[in-house]
Amino acid sequence: MIAPAAKPQTVYVADDSTAIAAGANRVAAELSRLPNVRVVRTSSRGAFFLEPMVEVDTPQGRAAYLNVQPREVPGLFRKKPVPLARIPFLAKQTRYTFARFGENEPLDLAGYGFRAWQKAREMSPQQILAEIKRANLRGRGGAAFPAGIKWQTTADTPTEPKYIVANADEGDPGTYADRMILEGEPYRLLEGMMIAARAVGARQGYIYIRSEYPAAIQKMRAAIAQAREFGVLSESQFDVDVVVGAGAYICGEETALLESIEGKRGMVRYKPPFPAVEGLWGKPTVINNVITLATVPDIILRGADWHLSLGTETSKGTMPLQLAGQIRQPGLVEVPFGLTLEEVIYDFGGGLPRGCRFKAVQVGGPLGALFPARLLNTRICFDALAKAGGILGHGGIVVYDDQTDMVQLAHHFMEFTANESCGKCTPCRIGSTRASELLQAVLDGDAVPEDIALLRELGDTMKNGSLCGLGAMAPAPVLTALEYFPNDFGRRL
Amino acid sequence: MVTTLDAVLTRCRSSPPNILATLQQVQAAFGFVPLEHVPRIAAHLGVTDADVRGVISFYHDLRTSPPGRHIIRYCLGDSCRAKHTERALTALTRRLRCDFGETTTDGRFTLTKVYCLGHCALSPTMMIGEETYAQLTPRSVITALQNHP
Ligand SMILES: Cc1cc2nc3c(=O)[nH]c(=O)nc-3n(C[C@H](O)[C@H](O)[C@H](O)COP(=O)(O)O)c2cc1C
Ligand code: SF4
Ligand code: FES
């Protein structure tokens with residue numbers, strides 16, 4: 001028996017693939033069978049531990065029913081929804097890039113508005129460059145390089161044509177912020193690319209999306225089609241195409257990515273020349289991460305001073321952190337740089353699920369360091385993490401519990417590198433295979449203490465002798481596992 | 001089959017030629033890249049057989065043998081590891097009686113591994129076709145198979 005809602009009611013359900021995996025489509029289908037209910041599909045707020053969420057408007061703002069099951073739908077409106085302001089995970093965030101998430105309809109072009117573009121259109125390319133440089137926008141894809149300097153280099157290179165490439169390969173396991181932008185507010189990425197194109201004088205852009213993201217590919221293509229149809233792209237004298245990856249982690253590295261767009265094996269190129277000077281088909285190319293480009297509209301709209309007012313001395317602005325692994329409240333947390341790992345994991349993430357005990361946290365994907373509990377006071381910004389021997393990378397934070405065997409984990413990371421190495425340089429190609437064999441020997445109980453010394457030495461060689469970050473950073477999780485969790489290794493020798 | 005390859009190849013004209021994009025189209029049409037087609041693909045693109053084979057062997061997505069009816073992409077990424085995905089995986093491989101890179105004897109499933117599907121907030125995860133399954137348990141991983149006869 002279906003109980004009608006008290007009065008005609010609009011409800012909001014996320015159209016995000018993680019929310020859908022949690023059951024959002026089934027809940028939306030049940031809701032649309034109720035009389036007097038209009039279901040609007042929005043982006044997700046990224047509080048995935050609460051999905052499927054069903055939101056409603058109240059005089060005090062949005063409120064939500066949490067973790068809704070399809071069978072609860074008929075009686076849902078007899079219950080009281082929770083005001084979002086009373087969900088600390090959301091209320092305590094500082095959202096700019098993800099400000100509209102949970103409210104906007106992903107493909108609603110008029111609703112998006114392109115206001116930053118309208119402002120940028122009135123600025124000269126040099127004014128845009130100056131603003132991005134002054135804002136000290138550092139790349140969010142991993143290398144933290146200042147975007148403004150990259151853009152200026154491309155602008156100053158006389159070769160034509162020039163290209164803008166959005167790196168949406170999002171290869172680091174444990175990260176999903178790019179995916180959320182592509183699925184939830186694709187116009188934001190387009191707008192960032194349009195502004196970059198105006199700044200450097202590019203007419204064509206590419207968005208390289210990994211094949212593991214079918215929903216994102218589809219949404220991004222639909223957004224581009226809309227933007228073309230309504231003349232947004234032609235007005236900016238810029239066009240964009242989506243290129244789909246083929247399952248190779250190394251194709252997130254910028255030069256391998258360019259090779260892949262050109263249709264070749266994703267082999268890393270020697271640098272220099274840098275892509276900003278000789279990139280796609282040898283032409284000057286700006287390549288930026290999705291989040292970097294998605295931050296650009298706010299910098300243009302609010303000004304560089306706004307960006308400079310947030311964060312730490314050398315890491316300005318906000319960072320969308322992505323909580324994953326063994327954590328009670330996994331999801332997207334956009335906060336200014338500078339919070340400690342502990343604050344993010346416990347105040348936002350709620351710590352570990354009941355019955356689980358903390359063992360380690362890995363920041364920055366499979367090439368990032370593993371930190372033990374005593375380093376949880378490390379601040380989340382590019383420099384503090386580097387000083388602690390790690391990286392921020394793309395902002396992935398994966399928590400491991402004490403059931404995790406660090407030797408098995410270290411072996412997993414090395415096997416990953418051996419699998420994903422492009423094979424161009426010896427330290428990475430051979431080193432990762434040898435290191436994973438050594439770790440297998442430790443697992444099998446066949447290793448002697450000298451093997452651990454050999455492992456460290458191999459790590460050093462890879463760190464110092466590899467051409468790109470994959471080989472150079474792959475030893476980090478293994479060496480930090482050895483340093484902070486020696487017992488896991490020692491008891492097997 | 002021959003005419004179909006021609007149909008696919010005529011859609012893949014670009015200058016300079018794009019090997020990966022062409023192979024992705026071929027795989028979309030046939031489900032895999034039949035190795036006997038390599039010479040004709042190479043000739044069409046004006047590249048060598050070795051160029052084409054090099055690209056095929058580089059990318060994990062490209063296959064040279066026909067897959068099962070449904071492709072399972074099982075996540076072995078960091079977050080899913082942290083959630084002890086090996087427990088559900090063991091149940092799955094036991095049921096399927098096949099390992100990564102293999103197809104079940106009845107041709108129903110091909111099991112492949114991926115490193116992250118972007119659903120890490122609800123680890124462990126896998127995809128069957130375009131359907132995503134999250135928060136996998138040894139039990140739910142088996143139930144999921146039933147949706148894909
Ligand atoms: C092995 C490896 C993998 C990478 N994967 C990615 C990725 O998936 N996404 C990304 O944006 N950057 C990735 N990067 C960083 C890129 O090379 C490049 O620095 C980045 O796209 C530049 O954009 P940004 O300055 O806006 O961060 C990777 C780097 C390395 C060495
Ligand atoms: S470090 Fe590894 S991935 Fe990078 S260029 Fe060398 S072989 Fe290729
Ligand atoms: S690590 Fe498995 S979905 Fe991301």
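Throughout, a chain's letter reflects where its sequence line sits, starting with A, and its residues are numbered from 1. Computed over heavy atoms, backbone and side chain alike; hydrogens, waters and symmetry mates excluded.
Not one N or O on the side chain of A:Gln362 forms a donor-acceptor pair closer than 3.5 Å with the backbone of B:Asp78. The closest donor-acceptor contact from the side chain of A:Asp401 to the backbone of B:Ala82 lies at 3.5 Å or more, if one exists at all.
Heavy atoms of A:Thr404 lying under 4.5 Å from chain B belong to its backbone as well as its side chain. Only the side chain of B:Pro16 comes within contact range of chain A, with heavy atoms under 4.5 Å apart. With a 4.5 angstrom heavy-atom cutoff, A:Ile261 touches chain B only via backbone atoms. Of the atoms belonging to A:Arg265, heavy atoms from both backbone and side chain fall under 4.5 Å from chain B.
No option in B:Cys116, B:Ser79, B:Cys80 other than B:Cys116 meets the side-chain contact (heavy atoms from CB on, under 4.5 Å) test with A:Pro173.
Chosen from B:Glu130, B:Gln24, B:His84, the residue pairing most often with chain A at heavy-atom distances under 4.5 Å is B:His84. Chain A forms more heavy-atom pairs under 4.5 Å with one residue of B:Asp61, B:Ile19, B:Thr125 than with any other, namely B:Asp61. Heavy-atom pairs under 4.5 Å with chain A were tallied for B:Ala134, B:Gly54, B:Cys75; the largest tally goes to B:Gly54. Comparing B:Ser57, B:Ser14, B:Gly77, B:Ala121 by heavy-atom pairs within less than 4.5 Å of chain A, the highest count is held by B:Ala121. Options A:Gln408, A:His412, A:Glu262 differ in how many heavy-atom pairs under 4.5 Å they form with chain B, and the most are formed by A:His412.
Of all the heavy atoms in A:Pro214 and B:Met127, the pair that sits closest is CG-CE, 3.6 Å. Residues A:Ser260 and B:Tyr59 share a closest heavy-atom pair of OG-OH, 3.0 Å. A:Ala248 and B:Phe58 make their closest contact through CB-CE2, 4.0 Å (heavy atoms, listed as atom of the first residue, atom of the second, distance).
To the nearest 0.5 angstrom, A:Glu212 atom CD is 11.5 Å from B:Thr132 atom OG1. Annotation: the span from B:Cys120 atom SG to A:Asp172 atom CG amounts to 10.0 Å, rounded to 0.5 Å. To the nearest 0.5 Å, the span separating NE2 on B:His60 from OH on A:Tyr249 amounts to 12.0 Å. One finds the CG atom of B:Leu20 at 12.0 Å from the NZ atom of A:Lys264 (value rounded to the nearest 0.5 Å).
Note: A:Phe416 and B:Tyr115 have perpendicular aromatic rings, judged against thresholds of 30 and 60 degrees for the angle between ring planes.
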Determine all donor-acceptor pairs shorter than 3.5 Å in which one atom belongs to a side chain in residues 65-73 of chain B; sequence neighbours excluded.
| residue | atom | partner | partner atom | Å |
| --- | --- | --- | --- | --- |
| B:His70 | NE2 | B:His148 | O | 3.4 |
| B:His70 | NE2 | B:Pro149 | O | 2.9 |
| B:Arg73 | NH1 | A:Ser211 | O | 3.4 |

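Heavy-atom contacts from other residues, nucleotides or ligands closer than 6.0 Å to CZ of B:Arg108 number more than 12.
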TODO: Given side chain to side chain contact (heavy atoms under 4.5 Å, CB included), test A:Phe48 with B:His119 step by step and report yes or no.
DONE: CA-CA 9 Å; A:Phe48 292 115; B:His119 303 302; over 6 Å; no

Open item on the list: side chain to side chain contact (heavy atoms under 4.5 Å, CB included) for B:Lys113 and A:Asn419? Distances and angles first, verdict last.
Closed with: CA-CA 11 Å; B:Lys113 76 172 159 198; A:Asn419 261 321; 3.6 Å; yes

